[in-house]
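Ligands are counted one by one from 1 in listed order, and the atoms in each one are counted from 1 as well.
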Amino acid sequence: MAMRIVRSITSMRALAERWRRTRARVGLVPTMGALHAGHLALVAAARRASDRVVVSVFVNPSQFGPREDFARYPRTPAADARLLRRAGVDALFLPAVAAMDPPGGATVVEVGGSLTRGLCAPFRPGHFRGVATVVARLFAIIRPHAAWFGRKDAQQAAVLGRMARDLHFGIAVHTVPTVREPDGLARSSRNRALLPAQRAAAPVLHEALALAAAAVRGGARTRGAVLGPARRRLARVPGLRVQYLDLVDAATLAPASRPAGRLLLAAAIHLGRTRLIDNRAVRAPR
Ligand code: AMP
């Protein structure tokens, strides 16, 4: 069946409602467009588990800070539609900003606790509130059975899983492993903003996290022993700025005072004006 392109909230709600009435399992993949192989991995996972798949493309202004790249964020609507059609998506939902933000709107969804205390949160005030609020709206409009998110944005996936449970949405939140370029760089819409020299340097982010993971697996006993070599690796790259590099508990995302149990290594860097994030799960040896 041909993919529908749906712009109105009312039509999207009615379409999903019709599908649910035929007992179809509806899967949702929320994105900001400029689609790449990472997004398509989420679509493939949704496709396998659902009778109908909706992909939303919405560059959500409320999750960008005032000095962030909302205006510069890549927008490739024709290519996105082509990729999704080929991937067998049933509906592409393209709500307008004005329609998603009701006039006089005064409700936000704020996930509190340790999940939104560290990592990206202090550097992007309001970001996770913007993400949680828009995904709650997508959940309310589409009411899918399940939704898929990428582990590349591990903090976001954790926040949205918490939100879905806390608000009793009855929507299963699934995560998909990070899709990478052959040289290890995590696929990201922002990679296309990198200048050639920056692109050449960018895999160092993945390499530094791999170095830290190796230290954990090798039995490093302190945060310093885990993060030091990775930090030094990043410091060698001219023009690279580290925003954070952290070792946190994989479940709570609270900083791990020493390597123990299931952990997440996560980092954000700037290469010129482009901000890149990546992370890697690792388990400390007993
Ligand atoms: P975005 O369009 O960047 O907001 O991302 C939409 C969804 O795709 C989020 O759940 C991301 O975590 C996921 N995603 C983005 N890049 C990747 C990747 N390289 N591998 C897996 N999932 C990804």
Side-chain angles (χ1 to χ4, degrees), residues 27-49 53-65 68-70 72-77 79-81 83-84 87 89 92-95 97 100 111 115 119-120 124 127-139 142 144 146-164 171-194 199 202-203 205-206 209 253 264 266-268 274-281:
L28 170 66
V29 178
T31 80
M32 298 203 299
L35 301 180
H36 52 67
H39 299 111
L40 295 179
L42 305 191
V43 171
R47 187 69 281 175
R48 284 194 293 275
V53 174
V54 182
V55 174
S56 60
V57 171
F58 182 66
V59 186
N60 171 30
S62 75
Q63 72 187 67
F64 289 81
E68 290 183 1
D69 55 351
F70 175 71
R72 261 189 350 120
Y73 197 83
R75 288 159 172 89
T76 59
D80 290 352
L83 284 173
L84 295 176
V89 165
L92 165 56
F93 182 39
L94 296 171
V97 171
M100 280 295 259
V111 175
L115 294 181
L119 304 182
C120 290
R124 305 191 73 187
H127 169 72
F128 289 111
R129 182 194 308 137
V131 170
T133 302
V134 80
V135 171
R137 288 171 173 174
L138 292 169
F139 281 5
I142 299 163
W148 278 262
F149 298 93
R151 286 184 213 154
K152 202 212 86 184
D153 302 278
Q155 189 173 19
Q156 167 174 287
V159 165
L160 295 173
R162 185 76 262 164
M163 175 195 78
I171 296 169
V173 167
H174 300 295
T175 64
V176 171
T178 302
V179 176
R180 299 178 180 280
E181 301 282 3
D183 62 10
L185 176 65
R187 298 292 306 253
S188 165
S189 307
R190 289 183 168 101
N191 292 351
R192 56 186 91 196
L194 295 169
R199 173 62 189 83
L205 175 54
H206 169 250
L209 293 170
L253 304 187
L264 191 75
T274 304
R275 181 177 181 274
L276 300 177
I277 60 170
D278 201 352
N279 67 80
R280 158 170 205 136

Note to self: In the structure I gave you, are the side-chain heavy atoms of Met32 and Val57 within less than 4.5 Å of one another anywhere?
What the structure shows: no
Note to self: Is any side-chain heavy atom of His206 closer than 4.5 Å to one of Arg280?
What the structure shows: yes
Margin query: Does the plane of the ring in Phe64 sit parallel, tilted or perpendicular to the ring in Phe70? Use 30° and 60° as the thresholds.
Written below: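 The arrangement is perpendicular - the two ring planes meet at more than 60°.
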Check: Tell me, which residues have any heavy atom less than 4.0 Å from some atom of ligand 1?
Finding: Pro30, Thr31, Met32, His36, Gly38, His39, Leu42, Tyr73, Phe149, Gly150, Lys152, Asp153, Gln156, Pro177, Thr178, Val179, Arg187
Note to self: For a quick check under 3.5 Å, do Arg190 and Thr274 share a side-chain donor-acceptor pair by atom type?
What the structure shows: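 Absent: no donor and acceptor within the cut-off.
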Next item on the list: Check step by step if side-chain contact (heavy atoms from CB on, under 4.5 Å) holds for Leu115 and Gln155.
Entry: CA-CA 7 Å; Leu115 294 181; Gln155 189 173 19; 5.8 Å; no
Check: Are Phe93 and Phe58 an aromatic pair by the rule of ring centers under 6.0 Å?
Finding: no
